[in-house]
> 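Okay, handing you the structure first.
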Amino acid sequence: MQEFTKFPTKTGRRSLSRSISQSSTDSYSSAASYTDSSDDEVSPREKQQTNSKGSSNFCVKNIKQAEFGRREIEIAEQDMSALISLRKRAQGEKPLAGAKIVGCTHITAQTAVLIETLCALGAQCRWSACNIYSTQNEVAAALAEAGVAVFAWKGESEDDFWWCIDRCVNMDGWQANMILDDGGDLTHWVYKKYPNVFKKIRGIVEESVTGVHRLYQLSKAGKLCVPAMNVNDSVTKQKFDNLYCCRESILDGLKRTTDVMFGGKQVVVCGYGEVGKGCCAALKALGAIVYITEIDPICALQACMDGFRVVKLNEVIRQVDVVITCTGNKNVVTREHLDRMKNSCIVCNMGHSNTEIDVTSLRTPELTWERVRSQVDHVIWPDGKRVVLLAEGRLLNLSCSTVPTFVLSITATTQALALIELYNAPEGRYKQDVYLLPKKMGETSPRESRILKEIFFKITFIFFLFLSS
């Protein structure tokens, strides 16, 4: 109290609290990325920063956090044996030599291990974030210090988001020939704004259901002029990342933001794919009463046989305490649903896209937005009813908490092998279409099946190495 009385002004107190927090912890834990740093009013776009080698080919929150980010990456490497195994086995051959990869994913410690693996295999990388809230600032700084052209920081505006993507693609003397995307925003940007670059891309690797849908739309319209690999539907993504990652991270995100107790709470989960299955398993284990909405008859039957009640959202929207979307679709929860929710209902999204919840309809004069804590908003109706909206409808686990490193190693290895395959494939092996990894092998020709099986066996081999290490 005596220290605080020396700084009676608001600015003084804020500066003191910041200096105390930095001096009392000699490092940045991963939690540092999940706190609001909005007290720094200077946008990274307005800063002139250089790394220790004198390069300024990046834009991050604070390059001085690089040392702490390096520690985060080293911790992640300990639980990503599959990817490290691939790096050690292939770095002598340099299978990605000459590859110029432009990426748009969540920038976390786990993604950093993937990026550095791609660089070790010979690739040049430029990277941006696919979510404005999921970037770990210290990890982005560590990548920039290592020489990766990274343009991302936590809390970007929509304008910042597209600016960062454009800076990755638009650089004199450098032209991308591979795309690694999560959600399809980067692919869409290159297709729309840089069509000449898009035509020269040798392959696209996409890992999210939202991005895959967008690729299929391009393909159906005859506008996809490069081969693309659908990683989302691979066995190694669906059966591990989507299921087990979400099973553990859904509770982490909800607990950190709301401190809610789940025993006895009524929860509706929209979608019973692998993500929905993982979320429901975790919620059920804590004693929540779980309802499912699902349009696919097979998934709906699975939900029923797993002991959940399958309903229409309109039937339960007035009584549930938590609404979670897991579909990757748009307008799953509409303004009409939001108007009918009970007071203090928690609304969040576990799908990639931020359009599952119609957040745009809530930004009207009659509704009041009240920031409670980082990534937690109260949206207040004229009669006093309030809805608790998490991460403004964006991906909950990566925006508000963290995800298990173990399963991400499997997905990252799959992505790396897909990039290697597309980049090194002889001309004519892949047509201008979206290719499925072995989950749906029956939909490919015998020749394509053989090629994709080879990729799958490589993934499986690396995975078994991972388990035995």
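Since the model is a prediction, treat every value here as computed from it, not as a measurement.
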> Taking all atoms of both residues into account, what is the closest heavy-atom pair of Ala146 and Glu116, and its distance?
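Between these two residues, the closest heavy atoms are CB-OE2, 4.1 Å.
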> Should the ring pair Tyr191 and Phe198 be called parallel, tilted or perpendicular, given that the plane angle runs from 0 to 90° and is split at 30 and 60?
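If you compare the ring of Tyr191 with that of Phe198, the planes turn out perpendicular.
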> The test is side chain to side chain donor-acceptor pair (under 3.5 Å); show your working for Ser157 and Asp160 and say whether it passes.
CA-CA 5 Å; Ser157 65; Asp160 292 333; 3.0 Å; yes
> After noting the C-alpha distance and the side-chain angles of Glu356 and Lys330, does the key distance pass the salt bridge (Lys or Arg N to Asp or Glu O under 4.0 Å) rule?
CA-CA 4 Å; Glu356 296 200 39; Lys330 61 182 181 180; over 6 Å; no
> Salt bridge or not for Glu67 and Arg71, using N-O below 4.0 Å?
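Looking at Glu67 and Arg71, the cut-off is met.
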> Out of the candidates Leu180, Val190, Ile165, only one should pair with Cys104 under the side chain to side chain contact (heavy atoms under 4.5 Å, CB included) rule; please name it.
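The option that passes is Ile165.
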> When Gln110 is tested against each of Thr402, Asp79, Thr105, Thr405 for side chain to side chain donor-acceptor pair (under 3.5 Å), which residue passes?
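Filter result, single survivor: Thr405.
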> Under the 3.5 angstrom rule, does the side chain of Lys255 hit a backbone N or O of Val260 as a donor-acceptor pair?
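Judged by distance alone, yes, a pair lies under 3.5 Å.
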> Should the pair Glu138-Arg70 be classified as a salt bridge under the 4.0 Å nitrogen-to-oxygen rule?
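Looking at Glu138 and Arg70, the cut-off is not met.
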> Does a side-chain N-to-carboxylate-O contact under 4.0 Å join Lys237 and Glu206?
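No.
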> Salt-bridge test for Glu156 and Arg45: reply yes if a basic N is under 4.0 Å from a carboxylate O, no otherwise.
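No, Glu156 and Arg45 are not salt-bridged.
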> NZ of Lys88: more than 12 outside heavy atoms within 6.0 angstrom?
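No, not enclosed.
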> In terms of side-chain heavy atoms, does Trp174 have a donor or acceptor partner in Gln124 at a distance below 3.5 Å?
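Short answer, yes.
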> Report yes if the distance between the aromatic ring centroids of Phe151 and Phe58 is under 6.0 Å, otherwise no.
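No, ring centres 6.0 Å or more apart.
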